[in-house]
Amino acid sequence: DMITEQAGKNLWYRNSTENTDSRSLDFNANYQWRFKEKKGELFIDINQSLSNGDFIGIYDEYGIIGAETGFYFNERLNNPERSQITTASLDVVNRFKNENQIEYGLKAIINSTDRTQFREIFDFDDAFFFPDININNEFRLSEQIYSAYGIYAQKLKKVHYQLGMRLEQAFVRPELLTTGEVFTNDYFSFFPSAHIVFPLRDKQETFISYSRRIDRPGVRNLNPFIEFTDPYNIRFGNPALNPEYTNSFEIGYNRELERISLNNTFYYRHSYNVLQRIILFDELGRSAVTWDNLDESINWGYEGIAIHRPTKWWRNVFSLNIYQMFLRTANPLLQNNSGLIWNTKLTSSFDLWNKSASVQINGRYNSRRVTPQGFAQFGPAIDLSIQKSFLNKNLDLTIRVSDIFDTQQFWIITEVPGVLQERIYKWETRRLFVTLNYKFGRMQAGREPRKRPTQSAPNGGGGDDMM
C-alpha cells in the first residue's frame with residue numbers, strides 16, 4: 001500500500017504478508033420415523049460443528065514526514081478464533097385427507113465463539129517484539145436461540161395455500177474477556193407467513209405471499225475491540241447492535257414451456273434496524289469502520305429466473321434482480337439515500353459421458369449499491385468447475401477455479417463533510433479447489449425436503465430460511 005502527496009512524494013509505504021489457516025469438524029446424527037399409511041413423518045436431527053482458525057500477519061511500514069525525516073516500524077498480528085455450534089431440531093409432519101397437512105417442530109441453536117487479537121511491535125533499540133497492551137484483547141460471543149413453529153397447508157381445486165407462524169427467543173451475550181464487561185441483548189421474535197397459489201391451465205400459476213425474516217449481527221459486527229491491521233484505517237464492532245427484520249410481500253407468475261421455465265416475481269420489502277457498515281473520520285483524516293442500525297430501508301422491484309434446456313445435456317439458468325432502494329436514518333452523521341440497483345447471474349451446466357462428468361460455468365455482475373455515505377460495488381466474476389465420477393459413481397473428483405479472470409474486488413466511495421474517500425479491496429479471489437468425495441455404503445438424506453404448495457413460494461412459514 002502507498003499514500004502520496006499531489007506532487008508525488010511518498011508519504012507512507014506498507015508491505016503486508018498475511019496467512020490464514022482454518023480447520024473444521026462436523027458431526028451429525030439424524031433419525032426418521034415414517035407413520036403408517038403415509039400419514040406423516042417424524043425427524044430428529046442433531047449437529048455439532050467445531051472450527052478453529054488462525055490469522056497471522058506481518059507488516060513493514062515506512063513513512064516520510066518531511067524532506068529528510070521519516071519513520072519505520074514493524075509489527076505482527078496473531079488472531080486465533082475458535083467456535084462451537086450445536087444444533088438440534090425436532091420436526092413432525094401430519095398428513096390428512098383432502099390434501100391437508102400440518103407441520104410443527106422445535107429447534108435449538110447454541111453457539112460459542114472466542115476471538116483473540118494479539119499485536120506485537122518490534123523495538124529496534126532492544127531488537128525484540130513487545131505486546132501492544134492497548135490493542136490486544138479477547139472477545140467471546142455466546143448465543144442461544146430457541147424456536148417453535150407450526151405450518152398448515154391445504155390444496156383445494158383452484159387454490160393452494162399455506163399459513164405459518166414461528167416463535168423465537170434469543171439470548172445473546174457479547175463478552176469482553178479482557179475487561180470483564182458483559183453486554184446483554186436478549187430478544188423475542190415472531191415470524192408469520194402466508195402463501196397462496198392459484199394454478200392455471202398449461203402448467204401456469206400465479207401466487208401471492210408474505211413472510212417476515214431476520215438478519216442477525218455476527219462476531220465481527222459485535223466485537224468492540226479495535227482490529228488493528230492498518231494505523232490509518234481501523235475497524236471495530238458495536239455490541240449494541242440489534243437484529244434486522246424484513247417484511248416481504250410478493251406477487252408472481254410462473255410458466256412451464258417445453259424447454260423453458262419462467263419465474264417472475266414483483267416484491268416489496270420493508271426492513272428496520274437495518275445492519276449497515278459505516279465509516280467514521282477523525283480530524284487528521286484517519287478512518288474507522290464500524291456498524292450501526294439504520295432506521296429503515298424500503299426495496300421494491302422485480303426478480304426473474306429463466307431456465308433453458310437446449311438439449312438433454314445442456315442447462316442454463318439466468319436470473320435478473322432489479323429494484324429501487326430507499327435508506328432512511330436519523331443518525332446525524334449519515335444521510336438518507338436512494339438509487340436503482342440491479343444484478344444478474346448466469347449458470348451454464350453440461351453433462352458429459354452418460355452423466356458421469358459435468359462442467360459448470362458461473363458468471364455474475366452487481367451494479368453499485370447506495371449507502372448512507374455514498375455507494376459500494378462488487379466487481380464481476382466468473383467461476384469454472386469440473387466434476388468426474390469413478391467407481392460406479394461412488395468416487396467424485398471436483399476441480400473448481402473461482403474468479404478465473406481475477407476481476408472480483410470491492411470498492412466503496414464515501415463522501416462526508418470535509419472528506420471524500422475511495423477504498424478498493426482486492427484479495428485472492430482466483431483460487432483452485434480440489435475436492436475428493438467417496439461414498440461408503442448406501443447414503444440417504446435424513447430428511448426429505450419440505451413439500452410446499454408451490455416451488456415458487458420462497459419461505460416455509462417459519463422454516464429454516466428464517467434462522
Side-chain angles (χ1 to χ4, degrees), residues 1-5 8-24 51-65 69-83 113-139 178 218-221 223-237 277 279 284-290 376 378-379 381 383 400-412 421-434:
D1 303 321
M2 183 176 293
I3 297 177
T4 62
E5 292 180 327
K9 181 187 296 184
N10 295 338
L11 294 179
W12 176 58
Y13 176 82
R14 177 183 180 87
N15 183 40
S16 306
T17 302
E18 299 175 343
N19 293 286
T20 301
D21 181 24
S22 60
R23 298 161 299 279
S24 63
S51 65
N52 59 73
D54 292 287
F55 172 85
I56 298 176
I58 300 175
Y59 308 93
D60 295 297
E61 304 186 25
Y62 175 70
I64 297 177
I65 302 175
T69 60
F71 66 90
Y72 174 77
F73 69 94
N74 174 263
E75 62 176 321
R76 61 188 183 188
L77 289 175
N78 184 8
N79 297 346
E81 181 173 320
R82 309 288 183 266
S83 69
T113 301
D114 289 357
R115 184 181 179 91
T116 300
Q117 177 168 255
F118 186 74
R119 179 181 184 236
E120 296 177 296
I121 302 175
F122 189 74
D123 188 325
F124 289 95
D125 294 331
D126 297 327
F128 76 95
F129 283 93
F130 66 92
D132 186 348
I133 61 175
N134 295 319
I135 296 296
N136 295 343
N137 63 82
E138 292 184 70
F139 175 78
T178 304
V219 174
R220 295 191 69 183
N221 309 126
N223 187 353
F225 287 117
I226 294 175
E227 291 188 28
F228 197 99
T229 58
D230 185 331
Y232 295 93
N233 300 280
I234 63 175
R235 178 195 299 269
F236 59 90
R277 167 192 175 128
I279 302 178
L284 299 178
R286 294 174 297 191
S287 65
V289 176
T290 187
F378 276 100
D383 303 334
R400 181 170 69 91
V401 180
S402 64
D403 192 17
I404 57 178
F405 297 110
D406 200 26
T407 55
Q408 188 173 15
Q409 59 183 5
F410 180 64
W411 63 86
I412 304 175
Q421 183 188 72
E422 179 179 5
R423 292 176 176 229
I424 299 178
Y425 296 89
K426 183 69 183 84
W427 60 102
E428 294 181 356
T429 57
R430 182 164 54 188
R431 300 180 180 182
L432 174 66
F433 300 85
V434 179

Backbone of [Y] reached by a side-chain donor or acceptor of [X] within 3.5 Å:
X	Y	answer
D403	T429	no
Q409	I424	no
K426	Q408	yes

Is the shortest side-chain heavy-atom distance between [X] and [Y] below 4.5 Å?
X	Y	value
R76	I56	no
Y59	S16	yes
I279	R423	yes

Checklist line | Set of side-chain hydrogen bond (donor to acceptor under 3.5 Å, both in side chains) partners for T116, sequence neighbours left out | finding: none
Check: side-chain contact (heavy atoms from CB on, under 4.5 Å) between E428 and E18: does it pass, once the steps are laid out?
Finding: CA-CA 11 Å; E428 294 181 356; E18 299 175 343; over 6 Å; no
Return the set of residues passing side-chain contact (heavy atoms from CB on, under 4.5 Å) with [X] (not counting sequence neighbours), or none when no residue passes.
X	answer
T178	N137, E138, F225
R400	S385, S402, F433
D54	R23, N78, P80, R82

Next item on the list: Identify the two heavy atoms, one from N79 and one from F118, that lie closest to each other, and give their separation to 0.1 Å.
Entry: OD1-N, 3.5 Å
Margin query: Under a 4.0 Å threshold between the charged nitrogen and the carboxylate oxygen, would R220 count as salt-bridged to E81?
Written below: no
Output the distance between atom [atom1] ([X]) and atom [atom2] ([Y]), rounded to the nearest 0.5 Å.
X	Y	atom1	atom2	result
L77	I121	CG	CD1	9.5 Å
F236	T290	CZ	OG1	4.0 Å
I226	R235	CD1	CZ	12.5 Å

Next item on the list: Determine, step by step, whether N223 and Q117 satisfy the side-chain contact (heavy atoms from CB on, under 4.5 Å) criterion, reporting the C-alpha distance in whole Å, the side-chain angles of both residues, the deciding distance to 0.1 Å, and the verdict.
Entry: CA-CA 11 Å; N223 187 353; Q117 177 168 255; over 6 Å; no
Check: Residues two or more places apart in sequence or in another chain: which of them pass ring-ring contact (aromatic ring centres under 6.0 Å, His included) with F378?
Finding: F410
Which pairs would a plain distance check flag for residues 122-135, meaning a side-chain donor or acceptor within less than 3.5 Å of a matching protein atom at least two apart in sequence or in another chain?
from: D123; atom 1: OD1; to: D125; atom 2: N; distance (Å): 2.9
from: D123; atom 1: OD1; to: D126; atom 2: N; distance (Å): 3.2
from: D132; atom 1: OD1; to: N134; atom 2: N; distance (Å): 3.2
from: D132; atom 1: OD2; to: R119; atom 2: NH1; distance (Å): 2.3

Note to self: Please determine whether side-chain contact (heavy atoms from CB on, under 4.5 Å) holds for the pair I58 and N74, giving the CA-CA distance in whole Å, both sets of side-chain angles, and the decisive distance to 0.1 Å.
What the structure shows: CA-CA 8 Å; I58 300 175; N74 174 263; 4.2 Å; yes
